[in-house]
Protein chains: 2
Amino acid sequence: MTAVDTKSTILDVAEQRFADQGFAATSLRQVTADAGVNLAAVNYHFGSKEGLVKAVLMRRIEPINDERRRRLDALPDPPPLEDVVRAYIEPAMQTASQVSGFCRVFGRLSAERPPFLAGFFGEQFGELGRRFVAMLAKGAPALDVQTIWWRMHFTIGAMSHTLLNAEVIDEVSEGACGTADRAAVCEQLVTFAIGGFVQRGETR
Amino acid sequence: MTAVDTKSTILDVAEQRFADQGFAATSLRQVTADAGVNLAAVNYHFGSKEGLVKAVLMRRIEPINDERRRRLDALPDPPPLEDVVRAYIEPAMQTASQVSGFCRVFGRLSAERPPFLAGFFGEQFGELGRRFVAMLAKGAPALDVQTIWWRMHFTIGAMSHTLLNAEVIDEVSEGACGTADRAAVCEQLVTFAIGGFVQRGETR
DNA sequence: GTCTATAGGTTGATAGAC
DNA sequence: GTCTATCAACCTATAGAC
């Protein structure tokens, strides 16, 4: 066994490239050249470009969703609303703070959403999403199910946008937002999301 | 003058294609074939593929930002926080409800962010973004500037994600969220964003 | 303004030697 | 498992006739 094997080197480089450029704009030639491996290695190890991007995503999503399930399992009944929100946000934000490529690869691909990934996100998130909605409904009994769904989508959008555009946020705010302190970013997001969730209903 | 001229037909078709597939995955051959015009017409009217996508974006962004400026101009001093939030969200959501392609083309391209558009979004949003931050700060004097910036980014993320994924939201929520009623979606979003903004500070 | 034809380059994937 | 060589398809952009 060498220091790092071809397969995981390809995964690392591909994650970075897909994060920077997206799926359609990234060629296998770029990936294999950066990784210092042969062009044919991608097809040998992953079958196709689509197989590669799925492998890149799965490597990060599975541990995050496992951690989310573990946290939901540990909550009391009824669960505090804040803890449910944190169970969703924190595992992803912590991974993003440890794995630089993941900061954007997930947000980018979920925005680009190439056709062959259409079912993929539904599979990864369907059952877990329904569990979160059920828990949120218990934590905020005054809200109807439709409102819970909407607010979860808004929370996902805020998080996805933040993961995707960290450096843009730094730039456009002229340094007011320090994205380097990931823990502080996570707290800002949690606070905002909880504020959105505790609203009673329409404002007009 | 014919019923619809070549140039605006290309813009309409390109908007739809870029919305569905993004920039890199859309070829000029698809656009010109759908539009029933010649391949060379794109380069004649827009100079290049990049020129085309900029024209597609400008056609929608300019009126939206003009309307936002008009609304900011009309606010009292100090402005009610809710009205500032509405001044940002409503012009975009109303355009999205009238122009089906815009629902996704803006969110998609701002997520894909091809390199040549890097400066474009900054130009379109820089001055206006600073104006919104200043107005939000007046409307929520208890918050520091950094928190204002973060919450505006979260609001943009929630809106962008909603515009981009309307049909996905319908599907994953199993119909609980009716995206067809655009006005109701807009109200859900405004309510959520205001809730996030009125939070006093950290929750822990 | 619109067309055909094509230049000049890239892509994903694979066959077959080692 | 890794390599070279190559295929067939696709792309943007342009030159030049009408």
Side-chain angles (χ1 to χ4, degrees), chain A residues 1-59 105 108-109 112-118 120, chain B residues 1-59 105 108-109 112-118 120:
Chain A
M1 183 171 65
T2 55
V4 283
D5 65 1
T6 298
K7 196 166 175 178
S8 70
T9 304
I10 292 174
L11 280 178
D12 290 341
V13 171
E15 181 173 64
Q16 203 63 51
R17 279 286 189 171
F18 287 138
D20 288 340
Q21 307 172 341
F23 176 76
T26 298
S27 72
L28 298 183
R29 284 174 161 80
Q30 292 173 337
V31 172
T32 52
D34 283 5
V37 304
N38 190 271
L39 171 61
V42 167
N43 285 289
Y44 177 78
H45 286 288
F46 302 98
S48 67
K49 189 182 178 185
E50 299 187 0
L52 173 60
V53 77
K54 282 185 183 174
V56 165
L57 286 174
M58 286 299 286
R59 183 169 65 148
V105 71
R108 190 177 273 280
L109 289 172
E112 183 171 356
R113 215 172 270 272
F116 69 94
L117 284 181
F120 182 83
Chain B
M1 184 171 64
T2 53
V4 283
D5 65 1
T6 299
K7 195 167 175 177
S8 70
T9 304
I10 292 175
L11 280 178
D12 290 342
V13 170
E15 181 173 65
Q16 202 63 51
R17 278 287 189 171
F18 288 138
D20 288 340
Q21 305 172 343
F23 176 76
T26 298
S27 73
L28 298 183
R29 282 175 160 78
Q30 292 173 337
V31 172
T32 52
D34 283 6
V37 304
N38 190 271
L39 173 60
V42 167
N43 285 287
Y44 177 78
H45 286 287
F46 303 97
S48 67
K49 189 182 178 184
E50 299 186 1
L52 173 60
V53 77
K54 282 184 183 174
V56 166
L57 286 174
M58 286 300 286
R59 183 169 65 148
V105 72
R108 190 177 274 279
L109 288 171
E112 183 171 356
R113 216 172 270 271
F116 70 94
L117 284 181
F120 182 83

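Every heavy atom of this structure was used, including side-chain atoms; hydrogens, water molecules and symmetry mates were not. Bear in mind the structure is a predicted one, so any value in this text is a computation, not a measurement. Residue numbers begin at 1 in each chain, while the letters A, B, ... track the order of the sequences.
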N/O (side chain, B:Thr6) to phosphate O (OP1/OP2, C:dT2) under 4.0 Å | yes
According to a strict under-4.0 Å criterion, is B:Asn38 in side-chain N/O contact with OP1 or OP2 of C:dT4?
-> yes
Side-chain contact check for A:Asn43: nearest option of C:dT11, D:dA13, C:dT14 is C:dT14
Choose from C:dG12, D:dA13, D:dT2 the nucleotide whose nearest atom is closest to any side-chain atom of B:Ser48.
-> D:dA13
Along DNA chain C (nearest heavy atom to each residue), the more 5'-positioned of A:Gly47 and A:Ser27 = A:Ser27
Report yes or no: is the cationic atom of B:Lys49 (NZ for Lys, CZ for Arg) closer than 6.0 Å to the six-membered ring centre of B:Phe23, at no more than 45° off its axis?
-> yes
Using whole Å, what does the distance between atom [atom2] of nucleotide [N] and atom [atom1] of [X] come to?
X       : N      : atom1 : atom2 : answer
A:Arg29 : C:dG9  : CZ    : C1'   : 11 Å
B:Tyr44 : D:dA15 : OH    : P     : 15 Å
A:Ile10 : D:dT2  : CD1   : P     : 8 Å
B:Asp5  : C:dG1  : CG    : C1'   : 11 Å
A:Glu50 : C:dG12 : CD    : P     : 11 Å
A:Phe46 : C:dA13 : CZ    : P     : 13 Å
B:Gln30 : D:dA9  : CD    : P     : 17 Å
B:Leu28 : D:dC11 : CG    : C1'   : 9 Å

Quick one: label B:Thr32 by what it contacts on the DNA or RNA (base, sugar-phosphate, nothing), any heavy atom closer than 4.0 Å.
-> nothing
May I ask you to say what A:Ala40 touches in the nucleic acid, namely base, sugar-phosphate or nothing, with a heavy-atom cut-off under 4.0 Å?
-> base
Side chain of A:Arg29, backbone of A:Leu39: donor and acceptor closer than 3.5 Å?
-> no
Would you please test B:His45 and B:Leu52 for side chain to side chain contact (heavy atoms under 4.5 Å, CB included) and show each step?
-> CA-CA 8 Å; B:His45 286 287; B:Leu52 173 60; over 6 Å; no
B:Val37 and its side-chain contact (heavy atoms from CB on, under 4.5 Å) partner, picked from B:Thr32, B:Val42, B:Val13 = B:Thr32
Earlier contact from the 5' end, DNA chain D, for A:His45 and A:Leu39 = A:His45
Can you list the steps and then say if A:Phe120 with A:Met58 is a side chain to side chain contact (heavy atoms under 4.5 Å, CB included)?
-> CA-CA 10 Å; A:Phe120 182 83; A:Met58 286 299 286; 3.5 Å; yes
